[in-house]
Trainee: 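Below is one structure. I have some questions about it.
None of the values given here were measured: they were computed from a predicted structure.
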There are 2 protein chains.
Amino acid sequence: MVEQTAHIRFVRGPSPFAARKTFLEFREVFSFHKRFVDLPFHTTYDETMEKKRLTIKDIAREAGVGIGTVSRVLNNSPHISESSKKAVLQVVERHNYQISAEAAGLARKTKRRKLVGILLPDISNHYFFEVFESVYKKFKNLDIDLIILNYTDHTSETVKRILETNLCALMLFAIHLDKEDLQLLKNRNIPYLYVDSYQPDEHCIHVDNHTGGVLAANYLLNKGCSKPCYIHGPTQAQTDKDRYAGFAATIETALSVSPLQYHAIITEKSGYEIAMQIIDAGECDGVFCFCDEIAIGVLKAIRRTGSSLSVIGYDGIRVSEAWNLSTISQDPELVGERAVQSVLPLIDKITDEGPKQIQLVPVLIDRNS
Amino acid sequence: MVEQTAHIRFVRGPSPFAARKTFLEFREVFSFHKRFVDLPFHTTYDETMEKKRLTIKDIAREAGVGIGTVSRVLNNSPHISESSKKAVLQVVERHNYQISAEAAGLARKTKRRKLVGILLPDISNHYFFEVFESVYKKFKNLDIDLIILNYTDHTSETVKRILETNLCALMLFAIHLDKEDLQLLKNRNIPYLYVDSYQPDEHCIHVDNHTGGVLAANYLLNKGCSKPCYIHGPTQAQTDKDRYAGFAATIETALSVSPLQYHAIITEKSGYEIAMQIIDAGECDGVFCFCDEIAIGVLKAIRRTGSSLSVIGYDGIRVSEAWNLSTISQDPELVGERAVQSVLPLIDKITDEGPKQIQLVPVLIDRNS
DNA sequence: TTGAAAGCGATACCAT
DNA sequence: ATGGTATCGCTTTCAA
């Protein structure tokens, strides 16, 4: 009889909700008779049923105490007898019960913790990580936690998680959200800041890439280069386009020729390989790279071959100093710092007027590379 | 009359709960008469009262719609008239209303998102950040979000936030929690993993520091050093003690003298300064540093002064390659990878038996520095 | 010390 | 398309 009962198959009715309710009632009754039939409390009827989450009510029943007691034990409240405590913890342990933080938070009196969300790009040069590091360090002193929201292609999935997360602000690193997702954020009044990309009518902070390209061009020209080239990173990125545009325009004005163009992915290895090609071809005497990682690869190739190629990178990440690499620095630490400065007022809803847009200017760090 | 009412001072009764309830009822009634008295809905009576959180009910009333409609608007559900939508969003905007993610999560059907918590140490060499970077990258492919929990001296405050956070696991970087806090985590069945410190009877992963010290000593001995010294980092840290112990024991066995000891904080600058002292004193011919950051400072001093001092660092962070610094590598990337591997089964509750303890072995990277 | 009951603020179903 | 109600799983109060 017990076996039979345990295998009853509940067919979903028109409303799964109702069906579930029915089952719960069923289990409730069943549980009541537990002592007679000796069926484990946890019996589920079928895998078609959504797995029931364990609640303190379940724990309380099984431990033979009230839910209040369970709650108190879980929260280490005083005035609990050792025996109750032990009983509860035993059941908790046995079922690997985990409290629902949502429910707890909802019921609690004191609220409002500060949590800032961050979206980091997939294909990332180390630059973003250094910006992130800077952001992290600033928030560390402000009693603000940081959540890094994982995301893949489908931003809509990510946005869904964002909305489930009680953020007080969101930082978007080199990511563009589409209208619909943005609207969702706006509906929910979650302030957000674009980092490293310019967005009209939005809070954003970025470093002027066009100017960076110009600086790089001037660097190579000053070194006496007459046959400069550019190694692209991700060509679909606006940053890549802008850097090249500034670079090419300056070169063309000065030399009346367009710079040669190469393409690499953002790794030292890729930079090294392209550099070997460039050196072999012998058609260039100066290289401007989309980012420092590529440039370091180029530098390695130069040092290995003894080539006289000049090279300049972009970003100003920490290792560039060690390699003695000239670079157009975006000062990741500063960017992070300013980003935090921008976000703070948004968190506290001190949104005076329109969007705050910050444009920083990159600087040349000349290490004679 | 309006003014008077608005300034009524509610004296807290024996139960603040009851007092609050009374006020809510009061406001409810008041709100009902709103059109007659033209009092802003948000009127609070006194700063002694806890600020009432706005709910969708409030929004619904003010927008003149039902709560269902408000919810639908906020979630961009279909089948909403433009007029309702506009009305709701207007009110939302006006009051800067933010949804309660807890309540929403509780009410929602689909649950269970994966979130791993991380505690990073305050005083950190870059090593930890590289381990973190590795961890982050691994989780990125696993649909798991990461939350960095800010913490200061009072871990109890942090633990409280941890418990409020529905984590599916926690990673403790170079931090030791006391018994009580640990018990709280255990009560809640939140699995945790110590990273970079050995803890008996707990899940942990760390790199053998004693062996690292031995390797460093042998390196200097092989370079022909006869007067080696050690630059300490944070002396209270077990890692520092262990590295020194391994180093000193090996040196003493080989040379029958104890190595000289210096102290630095974890910055290049500090390493540089100490190195200048060492070079000036001329009593050493080899330096083993607690971490790469210090060692790089030493290296700079050596290169600037043209000293023949040998130097070896510890950690194997990325920049060590660029500086051509010999180091005892803890391979942060690997540590992160293994840490994630360890945590994953904990998340899925595949806790076969006892604590899983991983000890990795550091390796010498000889760059002839 | 303990159990029971009343919220917390949203979602989702159902009926309209 | 919309309003109302039950419900989510917990904390806290109150009474015992």
Side-chain angles (χ1 to χ4, degrees), chain A residues 13-21 24-25 50 52-61 63-88 92 97-112 160 163-164 166 188, chain B residues 13-21 24-25 50 52-61 63-88 92 97-112 160 163-164 166 188:
Chain A
S15 156
F17 187 71
R20 174 151 180 265
K21 190 174 168 189
L24 292 186
E25 279 159 6
E50 59 262 48
K52 171 72 171 78
R53 179 182 187 133
L54 230 53
T55 72
I56 50 168
K57 206 172 161 186
D58 302 316
I59 303 295
R61 185 151 5 102
V65 299
I67 59 167
T69 305
V70 174
S71 175
R72 268 160 251 162
V73 169
L74 259 24
N75 291 295
N76 246 14
S77 295
H79 311 305
I80 284 284
S81 72
E82 274 306 315
S83 61
S84 303
K85 188 167 177 173
K86 213 173 116 185
V88 170
V92 165
Y97 165 77
Q98 270 195 258
I99 212 171
S100 155
E102 289 96 1
L106 182 55
R108 215 185 317 272
K109 293 280 161 201
T110 58
K111 316 248 165 145
R112 286 287 126 209
K160 218 176 102 189
L163 298 181
E164 286 173 14
N166 225 343
R188 304 293 261 265
Chain B
S15 154
F17 186 72
R20 177 154 176 263
K21 191 172 168 189
L24 292 186
E25 279 160 5
E50 60 263 44
K52 170 73 171 77
R53 182 187 180 126
L54 231 52
T55 72
I56 50 167
K57 209 171 158 184
D58 301 316
I59 303 297
R61 186 155 1 105
V65 299
I67 58 167
T69 304
V70 175
S71 176
R72 265 159 278 184
V73 169
L74 259 24
N75 291 293
N76 245 15
S77 296
H79 311 305
I80 285 284
S81 72
E82 274 307 314
S83 61
S84 305
K85 189 167 178 174
K86 214 173 115 185
V88 170
V92 165
Y97 163 78
Q98 270 195 258
I99 213 171
S100 155
E102 290 94 1
L106 181 57
R108 215 185 316 272
K109 294 281 161 199
T110 58
K111 316 244 165 149
R112 288 287 126 211
K160 218 176 104 188
L163 298 182
E164 287 174 13
N166 225 344
R188 304 295 262 265

Trainee: How sharply is the helix from dT1(C)-dA16(D) to dT16(C)-dA1(D) bent, taking the axes over five pairs at either end and rounding to 10 degrees?
Mentor: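 End axes: 30° apart.
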Trainee: Has Asp58(B) got a side-chain atom pairing as donor or acceptor with Thr55(B)'s backbone, closer than 3.5 angstrom?
Mentor: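 Yes, Asp58(B) side chain to Thr55(B) backbone: donor-acceptor pair under 3.5 Å.
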Trainee: Which heavy atom in Ser84(B) sits nearest to a heavy atom in Thr69(B), and how many Å separate them?
Mentor: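 Heavy-atom minimum between the residues: CB-CG2, 3.9 Å.
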Trainee: Can a donor-acceptor pair be found between the side chains of Asn166(A) and Arg188(A) at a distance below 3.5 Å?
Mentor: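 Checked: Asn166(A)/Arg188(A) side chains show no N/O donor-acceptor pair below 3.5 Å.
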Trainee: Looking at every heavy atom in both Glu164(A) and Ala101(B), which two are closest together, and how far apart are they?
Mentor: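 The answer is O-CB, 3.7 Å.
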Trainee: Nearest to the side chain of Ile99(B), heavy atoms from C-beta on, is which of dA10(C), dG3(C), dC10(D)?
Mentor: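 Among dA10(C), dG3(C), dC10(D), the one nearest the side chain of Ile99(B) is dA10(C).
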Trainee: Could you check how far CD1 of Ile56(B) sits from P of dT2(D), rounded to whole Å?
Mentor: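 The distance from CD1 of Ile56(B) to P of dT2(D) comes to 15 Å, rounded to the nearest Å.
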Trainee: Using a cut-off of 4.0 Å on non-hydrogen atoms, how would the nucleic acid contact of Leu74(A) be classed: base, sugar-phosphate, or nothing?
Mentor: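 Here Leu74(A) touches no strand at all.
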Trainee: Examine dC10(D): is either OP1 or OP2 under 4.0 Å from a nitrogen or oxygen in the side chain of Ser71(A)? Give yes or no.
Mentor: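 Checking Ser71(A) against dC10(D): no side-chain N or O falls below 4.0 Å of OP1 or OP2.
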Trainee: Decide yes or no, distance alone: a donor-acceptor N/O pair under 3.5 angstrom between the base of dG3(C) and the side-chain of Arg72(A).
Mentor: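 By the distance-only test, yes, there is a pair.
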Trainee: Rounded to whole Å, please give me the gap between NZ in Lys57(A) and C1' in dT12(D).
Mentor: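 That distance rounds to 17 Å.
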Trainee: Phosphate oxygens OP1/OP2 of dG9(C): is one of them under 4.0 Å from a side-chain N or O of Tyr97(B)?
Mentor: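 So the side-chain polar atoms of Tyr97(B) never come under 4.0 Å of the phosphate oxygens OP1 or OP2 of dG9(C).
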Trainee: Atom CG of Leu106(A) and atom P of dC10(D): how far apart are they, to the nearest Å?
Mentor: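 Computing the Leu106(A):CG to dC10(D):P distance gives 12 Å.
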Trainee: Take Leu74(B) and Tyr97(B), measure what side-chain contact (heavy atoms from CB on, under 4.5 Å) needs, and give me the verdict at the end.
Mentor: CA-CA 11 Å; Leu74(B) 259 24; Tyr97(B) 163 78; 3.7 Å; yes
Trainee: Any idea which of dA12(C), dT2(C), dC10(D) is nearest the Thr55(A) side chain?
Mentor: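 Nearest to the side-chain atoms of Thr55(A), counting from C-beta on, is dC10(D).
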Trainee: Of all heavy-atom pairs between Leu106(A) and Ala103(B), which one has the smallest distance, and what is that distance?
Mentor: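 The answer is CD1-CB, 3.7 Å.
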Trainee: Rounding to an integer number of Å, can you tell me how far Leu163(A) CG sits from dT11(C) P?
Mentor: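 Taking CG of Leu163(A) and P of dT11(C), I get 10 Å after rounding.
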Trainee: Let's see if you can work this out: which of dC10(D), dT11(C), dA10(C) has an atom nearest to the side-chain heavy atoms of Ile67(B)?
Mentor: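 Shortest atom-to-atom distance from the side chain points to dT11(C).
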Trainee: Could you go through Ser71(A) and Ile67(A), starting from their C-alpha distance and side-chain angles, then the distance that decides it, and tell me whether this counts as side-chain contact (heavy atoms from CB on, under 4.5 Å)?
Mentor: CA-CA 6 Å; Ser71(A) 175; Ile67(A) 59 167; over 6 Å; no
Trainee: Applying side-chain contact (heavy atoms from CB on, under 4.5 Å) between Val88(A) and each of Ile59(A), Ile56(A), Ile80(A), report the one that passes.
Mentor: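 Of the listed residues Ile59(A), Ile56(A), Ile80(A), the side-chain contact (heavy atoms from CB on, under 4.5 Å) partner of Val88(A) is Ile59(A).
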Trainee: Which pair of heavy atoms, one from Ile99(B) and one from Arg53(B), lies closest together, and at what distance?
Mentor: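 Distance-wise, the nearest heavy atoms are O-NH2, 3.2 Å.
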Trainee: Starting from P on dC10(D), measure out to CD on Gln98(A) and report it in whole angstrom.
Mentor: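 Atom CD in Gln98(A) sits about 11 Å away from atom P in dC10(D).
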Trainee: Could you walk me through whether Lys160(B) and Asn75(A) pass the side-chain contact (heavy atoms from CB on, under 4.5 Å) test, one step at a time?
Mentor: CA-CA 10 Å; Lys160(B) 218 176 104 188; Asn75(A) 291 295; over 6 Å; no
Trainee: Kindly state which residues belonging to residues 77-87 of chain A come within less than 4.0 angstrom of DNA chain D, counting heavy atoms of the residue only, listed by number.
Mentor: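 By residue number: none to list.
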Trainee: Between dG9(C), dG3(D), dT11(D), which nucleotide has the shortest distance from any of its atoms to the side chain of Ala107(A)?
Mentor: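 In terms of side-chain proximity for Ala107(A), the closest of dG9(C), dG3(D), dT11(D) is dT11(D).
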Trainee: Rounded to whole Å, how long is the line connecting atom CZ of Arg188(B) with atom C1' of dG9(D)?
Mentor: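 It works out to 12 Å between those atoms.
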Trainee: Is there a side-chain contact between Thr69(B) and the phosphate of dG3(D), meaning an N or O under 4.0 Å from OP1 or OP2?
Mentor: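 So the side chain of Thr69(B) is within the cut-off, an N or O lying under 4.0 Å from OP1 or OP2 of dG3(D).
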Trainee: Report the distance from atom CZ of Arg108(B) to atom P of dA6(D), rounded to the nearest whole Å.
Mentor: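 Those two atoms, CZ and P, are 22 Å apart.
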Trainee: Starting at CG of Asn75(A) and ending at C1' of dC10(D), how long is that distance when rounded to a whole Å?
Mentor: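 Whole-Å distance recorded here is 9 Å.
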